[in-house]
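We count ligands from 1, going down the list as the structure has it; atoms in each ligand are counted the same way.
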Amino acid sequence: MSDFLILGGGMAGASAGYFLAEHGSVVLLEKEDQPGYHSTGRSAALFTENYGSPTIRALSVGTRPFLEDPPAGFADHPLLGPRGVLMLAPPSHAEIFAEELANGRKTAPELREVSLDEAAALCPVLRPGAFVRAMYEPTAMDMDVHAIHQGFLRGFRARGGRVVTAAEPRSLSRADGVWRAETSAGDFAAPVVVNAGGAWADEIARMAGVRPIGLVPKRRTAFTFDPPAGTDVAHWPLTADLAESFYFKPEAGRVLASPADETPMPPCDVQPDEIDVATAAARIEAATVLEVRRITHKWAWLRSFVADKTPVVGFAPDAPGFFWLAGQGGYGIQTSAAMGRVAAALATSGEVPADLARLGVRKENLAPERLGS
Ligand SMILES: Cc1cc2nc3c(=O)[nH]c(=O)nc-3n(C[C@H](O)[C@H](O)[C@H](O)COP(=O)(O)OP(=O)(O)OC[C@H]3O[C@@H](n4cnc5c(N)ncnc54)[C@H](O)[C@@H]3O)c2cc1C
């Protein structure tokens, strides 16, 4: 028997395991052959402090120091690289621009308004006249998601943690103060089980007889296409609009684009819908002088949210020893280090680490109780 059993080896489970392994013995069960097969392996790899609820922003700010300067041996190359975010206001969003800028500057102080000429210098393919104002976040970064995920898993193992793959529980039940998971890779037991099952977190709760949190997996589509011949896209920022109707960014010499879709789906292996790809292409062609001619790769995966779009981290009120770590939505990579620390602290001491509390991370804003019954 271990002290903690984690279900799910994506970014949430791996980062929580990394920090929990400082407190006791931990076994991490992953249903797939490889941890990171699901959402963690499909992200757009952007770190921005101007995105999401106040709690998400605080967790992102709290993750930055770890990603900028990870512990020795965590990774053999930098985890962050320069990118920047250019956010454009179409005429329909001119009125909310000032409010969005002021709100963003609370957590991304270098966010600033830029002229449309400066915007065109940053991203030379913008269509003249399509936007009325622009803001630029120079401190937004690209993340090496694979290196971050592998760093957490490697550190977890170095601290004595054990990863078991192809281990999907057939049953999960509690007796005599201990949770027991029966899997095809053997049976495992611990007094505390951490539900880091990504899109499947509510299914895991149902299997355990725990009240679900109303998690909704939402499909997000992405694809890459070739820029015009001879165009060097490497230094373009991630470019998006305030209406959240598209974004695009450089990706290994090509352009990665998304319609920023959020289509509710059951948890599954998702396929991109042609309509979403065509929608994104049309929006990008309207916003820029780019032509989306040849799509080189397309994919879709799930971003899972509860109603307030803030993660659920804490013990279930209706099931002793059942710890929620779910609802990371579209921010699970950029919040990973702080989220892992918070999860480990709440599962052991019951309190948010003081430095993260100072940034505004509150136990009650993460607790499953906030969602009601
Ligand atoms: C297209 C796209 C773009 C994104 N862009 C960004 C971005 O730019 N920046 C950012 O920070 N985030 C981004 N995200 C969000 C980010 O990818 C997720 O928030 C994050 O990966 C969630 O991690 P997770 O560990 O909760 O989920 P997952 O990575 O899905 O991991 C959950 C794991 O649990 C396993 N599992 C499920 N059920 C069981 C079970 N019963 N037993 C054992 N294991 C189980 C699954 O196999 C899976 O490996 C994006 C997501 C998408 C889809």
Participant: Taking NZ, NE, NH1 and NH2 as the nitrogens, is one of them in D202 or R211 under 4.0 Å from a carboxylate oxygen of the other?
Facilitator: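 Salt bridge between D202 and R211, a charged N being under 4.0 Å from a carboxylate O: no.
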Participant: Would you mind finding which of W200, Y51, Y37, F47 brings a heavy atom closest to atom 38 (N) of ligand 1?
Facilitator: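 Comparing heavy atoms across W200, Y51, Y37, F47, the nearest one to atom 38 (N) of ligand 1 lies in W200.
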Participant: Around atom 52 (C) of ligand 1, find the nearest protein heavy atom and jot down its residue, atom name and distance.
Facilitator: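 Sorting protein heavy atoms by distance from atom 52 (C) of ligand 1 puts R303 CG, 3.6 Å first.
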Participant: Identify, for atom 44 (N) of ligand 1, the protein heavy atom at the shortest distance, and state residue, atom and that distance.
Facilitator: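 So the nearest neighbour among protein heavy atoms is K31 N, 3.1 Å.
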Participant: Mark yes or no for whether R127, through its side chain, and A286, through its backbone, hold a donor-acceptor pair below 3.5 Å.
Facilitator: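 Yes, because the side chain of R127 sits within donor-acceptor range (under 3.5 Å) of the backbone of A286.
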Participant: Taking the six-membered ring of W200 as reference, does the cationic atom of K31 (NZ for Lys, CZ for Arg) lie under 6.0 Å from its centre and within 45° of its axis?
Facilitator: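 The answer is yes; both the distance and angle limits are met.
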Participant: Does any donor atom in the side chain of E137 or T48 lie under 3.5 Å from an acceptor atom in the other side chain?
Facilitator: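 Short answer, yes.
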Participant: For R370, which of D308, N365, T310 qualifies under side-chain hydrogen bond (donor to acceptor under 3.5 Å, both in side chains)?
Facilitator: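 Checked D308, N365, T310 against R370; only one passes side-chain hydrogen bond (donor to acceptor under 3.5 Å, both in side chains): D308.
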Participant: Among T63, L67, L79, which one satisfies side chain to side chain contact (heavy atoms under 4.5 Å, CB included) with M143?
Facilitator: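 Exactly one option meets the side chain to side chain contact (heavy atoms under 4.5 Å, CB included) with M143, and it is L67.
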Participant: Would you please say whether a donor-acceptor pair under 3.5 Å links the side chains of T224 and T296?
Facilitator: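 Side-chain D/A pair, T224 to T296: present.
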Participant: Which of the atoms in ligand 1, numbered in the order shown and given with their element, are less than 4.0 Å from a heavy-atom of P169?
Facilitator: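 Ligand 1 atoms under the 4.0 Å threshold to P169: 40 (C), 41 (N), 42 (N).
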Participant: I need the nearest protein heavy-atom contact for atom 29 (O) of ligand 1: residue, atom name and distance, please.
Facilitator: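 It is T40 OG1, 2.6 Å.
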Participant: Among all protein heavy atoms, pick the one closest to atom 34 (O) of ligand 1 and tell me residue, atom and distance.
Facilitator: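 For atom 34 (O) of ligand 1, the nearest protein heavy atom is G8 CA, 3.2 Å.
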Participant: Judged on heavy-atom distance to atom 18 (C) of ligand 1, which of S43, P35, G330, G329 sits nearest?
Facilitator: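 Comparing heavy atoms across S43, P35, G330, G329, the nearest one to atom 18 (C) of ligand 1 lies in G329.
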Participant: Evaluate E168 for polar contact with ligand 1, using N/O atom pairs at a separation under 3.5 Å.
Facilitator: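 Between E168 and ligand 1 (N or O atoms, distance only) the closest approach is not under 3.5 Å.
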Participant: Closer than 4.0 Å to some heavy atom of R42 - which atoms of ligand 1 meet that?
Facilitator: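 Within the 4.0 Å cut-off of R42, ligand 1 contributes 1 (C), 2 (C), 3 (C).
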Participant: Determine, considering heavy atoms only, which of A201, G198, A140, P311 sits nearest to atom 27 (O) of ligand 1.
Facilitator: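 Selected option, by shortest heavy-atom distance: G198.
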Participant: For atom 1 (C) of ligand 1, what's the nearest protein heavy atom and its distance?
Facilitator: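 Looking at atom 1 (C) of ligand 1, the protein heavy atom closest to it is R220 CG, 3.3 Å.
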Participant: Against heavy atoms of I204, which atoms of ligand 1 measure under 4.0 Å?
Facilitator: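 Answer, ordered by atom number: 38 (N), 39 (C), 40 (C), 41 (N).
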Participant: Any idea which atoms of ligand 1 are less than 4.0 Å away from a heavy-atom of W301?
Facilitator: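 Listed by number with element: 53 (C).
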Participant: Is there any N or O on G13 that sits under 3.5 Å from an N or O of ligand 1?
Facilitator: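 No: no nitrogen or oxygen of G13 is under 3.5 Å from one in ligand 1.
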Participant: For W299 and R42, indicate whether the former's side chain and the latter's backbone hold a donor-acceptor pair under 3.5 Å.
Facilitator: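 The answer is yes, because a donor-acceptor pair under 3.5 Å joins these two groups.
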Participant: From the options T183, L7, L46, select the one whose nearest heavy atom is closest to atom 9 (N) of ligand 1.
Facilitator: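 It is L46 whose heavy atom sits nearest to atom 9 (N) of ligand 1.
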Participant: With a cut-off of 4.0 Å, which atoms of ligand 1 are near a heavy atom of A45?
Facilitator: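 This gives 7 (C), 8 (O) as the contact atoms.
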Participant: Who's the nearest protein heavy-atom neighbour of atom 31 (O) of ligand 1, and how far?
Facilitator: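 Ranking protein heavy atoms by distance from atom 31 (O) of ligand 1, first comes G10 CA, 3.4 Å.
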Participant: Identify whether the distance between the nearest side-chain nitrogen and carboxylate oxygen of R133 and E100 falls below 4.0 Å.
Facilitator: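 Looking at R133 and E100, the cut-off is not met.
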Participant: I'd like to check which ligand 1 atoms, numbered from 1 as shown, lie under 4.0 Å from a non-hydrogen atom of Q328.
Facilitator: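 Within the 4.0 Å cut-off of Q328, ligand 1 contributes 19 (O), 26 (O).
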Participant: Is the backbone of A89 close enough, under 3.5 Å, to the side chain of D241 for a donor and an acceptor to pair up by distance?
Facilitator: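 Between the backbone of A89 and the side chain of D241 there is no qualifying donor-acceptor contact (under 3.5 Å).
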Participant: Between Y18 and F74, does the ring centre distance come in under 6.0 Å?
Facilitator: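 Between F74 and Y18, which both carry aromatic rings, the centre distance is below 6.0 Å.
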Participant: Any nitrogen or oxygen of A44, main chain or side chain, under 3.5 Å from a nitrogen or oxygen of ligand 1?
Facilitator: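 Between A44 and ligand 1, an N or O pair is found under 3.5 Å apart.
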Participant: For ligand 1, find out whether one of its N or O atoms is nearer than 3.5 Å to an N or O atom of G332.
Facilitator: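 Between G332 and ligand 1 (N or O atoms, distance only) the closest approach is under 3.5 Å.
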Participant: Give the atoms of ligand 1, by number and element, whose distance to some non-hydrogen atom of M143 is under 4.0 Å.
Facilitator: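 Listed by number with element, the hits are 9 (N), 11 (O).
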Participant: Side chain or backbone, does I333 bring an N or O within less than 3.5 Å of an N or O on ligand 1?
Facilitator: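 So ligand 1 has an N or O lying under 3.5 Å from an N or O of I333.
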Participant: Measure A14 to ligand 1 on non-hydrogen atoms and call it side chain, backbone, both or neither using the 4.0 Å cut-off.
Facilitator: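 Neither; no heavy atom under 4.0 Å.
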Participant: Does T231 use its side chain to pair, donor to acceptor, with the backbone of V233 at less than 3.5 Å?
Facilitator: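 No; judged by distance alone, with no hydrogens or angles, the pair does not exist.
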Participant: Give a yes/no on ligand 1: does E203 have at least one heavy atom closer than 4.0 angstrom to it?
Facilitator: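 Contact absent.
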Participant: Applying a 4.0 Å heavy-atom criterion (strictly less than), which segment of L302 is in contact with ligand 1: side chain, backbone, both, or neither?
Facilitator: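 Within the 4.0 Å criterion, L302 contacts ligand 1 through backbone atoms alone.
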Participant: Identify the closest protein heavy atom to atom 11 (O) of ligand 1: which residue and atom is it, and at what distance?
Facilitator: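 Nearest protein contact, heavy atoms only, for atom 11 (O) of ligand 1 is Q334 N, 2.8 Å.
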Participant: Ring centroids only, cut at 6.0 angstrom: are F323 and F315 within range, meaning strictly under it?
Facilitator: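 Aromatic pair counts; centres sit under 6.0 Å.
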Participant: Say whether L290 and F246 are linked into one hydrophobic cluster, either directly or through other cluster members, by side-chain heavy-atom distances under 4.5 angstrom.
Facilitator: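 Yes, same cluster.
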Participant: Relative to atom 48 (C) of ligand 1, which among M339, M11, E30, E32 owns the nearest non-hydrogen atom?
Facilitator: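 It is E30 that holds the nearest heavy atom.
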Participant: Determine whether the side chains of E182 and S171 contain a donor N or O and an acceptor N or O closer than 3.5 Å.
Facilitator: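 Per modelled atom types, E182 and S171 side chains form a pair under 3.5 Å.
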Participant: Check for me whether the distance between the ring centres of Y331 and F47 falls short of 6.0 Å.
Facilitator: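 Between Y331 and F47, the centre distance exceeds or equals 6.0 Å.
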Participant: Could you find the nearest protein heavy atom to atom 17 (O) of ligand 1 and give me its residue, atom name and distance?
Facilitator: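 Ranking protein heavy atoms by distance from atom 17 (O) of ligand 1, first comes S39 O, 3.2 Å.
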